[in-house]
Amino acid sequence: MSVHEISRFSDIDFVNVDPMKDEFVLPGGEKYLFSDHMCDFCWSGGTVLETSAGKKKYYCVVCQNYLDWCEFENDILPPKGDKLRFLLPEKWSGENKNKWYEDFKKRRLEQEKVRKHILEHGNE
């Protein structure tokens with residue numbers, strides 16, 4: 001594992017780091033590692049950093065946002081009523097988060113139509 005002292009996240013040299021092991025230290029001492037989580041705003045996997053100690057904080061290096069877990073009640077597909085969690089920009093208002101979820105539901109229902117079509121007509 002290598003420790004990289006950086007002034008800001010944009011200082012990360014992505015060509016020369018090991019995302020499985022390397023740690024990044026900001027001037028205030030906060031330490032970040034690459035996370036297994038995905039940014040649900042820009043839909044990029046492998047671009048989220050999370051703090052390695054203390055209360056978890058998340059940052060996406062693609063959309064350059066600090067992220068926060070947002071929970072929504074699943075009202076689209078069975079089992080309805082359970083909770084769905086997404087990492088979305090923490091600076092968003094509740095209204096923006098709800099709008100994002102409404103757009104997500106539309107996209108997800110379209111995916112479900114395609115899935116059902118493939119299951120019904122896939123061998124034709």
Side-chain angles (χ1 to χ4, degrees):
M1 173 164 91
S2 295
V3 176
H4 303 271
E5 293 194 19
I6 57 174
S7 298
R8 56 193 167 279
F9 294 115
S10 61
D11 291 344
I12 297 172
D13 178 6
F14 292 97
V15 174
N16 295 311
V17 298
D18 183 346
M20 299 298 290
K21 299 178 184 175
D22 289 0
E23 185 173 57
F24 306 94
V25 183
L26 291 171
E30 245 180 351
K31 297 176 182 180
Y32 283 81
L33 301 168
F34 277 97
S35 176
D36 291 336
H37 299 295
M38 179 180 87
C39 174
D40 291 303
F41 173 54
C42 64
W43 297 101
S44 296
T47 63
V48 174
L49 297 169
E50 70 178 56
T51 51
S52 58
K55 182 180 182 274
K56 288 291 183 191
K57 289 174 63 176
Y58 301 91
Y59 184 84
C60 178
V61 295
V62 171
C63 66
Q64 300 178 0
N65 283 298
Y66 280 96
L67 306 171
D68 195 16
W69 286 108
C70 299
E71 246 183 36
F72 299 93
E73 184 175 333
N74 175 13
D75 57 354
I76 48 177
L77 296 171
K80 290 183 179 182
D82 60 342
K83 298 291 182 186
L84 302 175
R85 293 181 63 198
F86 302 95
L87 270 176
L88 297 174
E90 72 177 11
K91 66 183 177 185
W92 280 6
S93 67
E95 181 180 330
N96 286 346
K97 291 173 184 177
N98 289 333
K99 182 177 184 257
W100 179 91
Y101 184 62
E102 291 302 316
D103 290 342
F104 168 81
K105 288 194 304 189
K106 289 176 191 172
R107 290 190 313 268
R108 184 60 187 90
L109 288 171
E110 287 302 316
Q111 290 173 334
E112 189 63 17
K113 286 181 189 175
V114 170
R115 185 185 77 79
K116 285 182 182 178
H117 181 77
I118 290 170
L119 290 174
E120 291 173 8
H121 307 285
N123 291 330
E124 294 178 358

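Residue indices begin at 1 and follow the sequence shown. Computed from a predicted structure; not experimentally measured.
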Do Glu30 and Tyr59 have side chains that get closer than 4.5 Å, going by heavy atoms?
no

Heavy-atom closest pair (Glu50 atom, Ser35 atom, distance to 0.1 Å) is OE1-OG, 2.6 Å

Are Trp43 and Phe72 in one and the same hydrophobic cluster, where Ile, Leu, Val, Met, Phe, Trp and Tyr link if side-chain heavy atoms are under 4.5 Å apart?
yes

With a 4.0 Å cut-off, would you call Glu110 and Lys106 a salt bridge?
no

So if you build clusters from Ile, Leu, Val, Met, Phe, Trp, Tyr with side-chain heavy-atom gaps below 4.5 Å, do Leu77 and Trp100 land together?
yes

Straight-line distance of Asp68 CG to Lys56 NZ, nearest 0.5 Å
14.0 Å

When rounded to the nearest 0.5 Å, the distance separating CG of Asp11 from CD of Glu5 is 11.5 Å

Nearest 0.5 Å, what's the SG-NZ distance between Cys70 and Lys83?
12.5 Å

Report yes if the side chains of Ile12 and Asp22 come closer than 4.5 Å at any heavy-atom pair, otherwise no.
no

Parallel, tilted or perpendicular, judged at 30° and 60°: which one describes the rings of Phe104 and Tyr101?
parallel

How far does NE2 of His37 sit from CG of Leu49, to the nearest 0.5 angstrom?
12.0 Å

Please determine which of Phe14, Tyr32, Phe34 meets the ring-ring contact (aromatic ring centres under 6.0 Å, His included) test together with Phe24.
Phe34

4.5 Å side-chain heavy-atom contact, Leu33 and Lys31
no

In Å and rounded to the nearest 0.5 Å, what is the CG to SG distance from Leu88 to Cys39?
7.5 Å

Scanning both residues in full, the closest heavy-atom pair of Asn74 with Pro79 reads ND2-O, 3.2 Å

Report yes or no: do Leu87 and Leu84 belong to one cluster of Ile/Leu/Val/Met/Phe/Trp/Tyr joined by side chain heavy-atom distances under 4.5 Å?
no

Between Glu102 and Lys99, is there a side-chain N and carboxylate O pair less than 4.0 Å apart?
no

Are the side chains of Val48 and Asp36 in contact, using a 4.5 Å heavy-atom criterion?
no

Taking all non-hydrogen atoms of both residues into account, name the closest pair between Asp40 and Arg85 and its distance.
OD2-O, 4.4 Å

Name the one of Phe86, Tyr66, Phe41 that satisfies ring-ring contact (aromatic ring centres under 6.0 Å, His included) with Trp92?
Phe41

Between Asn65 and Lys91, is there a side-chain heavy-atom distance shorter than 4.5 Å?
yes

How close do Met38 and Ser44 get, counting heavy atoms only, and between which atoms?
CG-O, 3.3 Å

Give the minimum heavy-atom separation between Leu67 and Cys60, together with the two atoms involved.
CD1-CB, 3.9 Å

Using the side chain to side chain contact (heavy atoms under 4.5 Å, CB included) rule, take Ile6 and Val25 through it: C-alpha gap first, then chi angles, then the decisive distance, then the call.
CA-CA 6 Å; Ile6 57 174; Val25 183; over 6 Å; no

So do Glu95 and Asn98 actually touch side chain to side chain, heavy atoms under 4.5 Å?
no

Decide if atom CG of Asp103 counts as having more than 12 heavy atoms of other residues, nucleotides or ligands within a radius under 6.0 Å.
yes

Within a reach of under 6.0 Å around NZ of Lys97, are more than 12 heavy atoms found that belong to other residues, nucleotides or ligands?
yes

Hey, could you give me the NZ/CD distance between Lys105 and Glu112, rounded to the nearest 0.5 Å?
15.0 Å

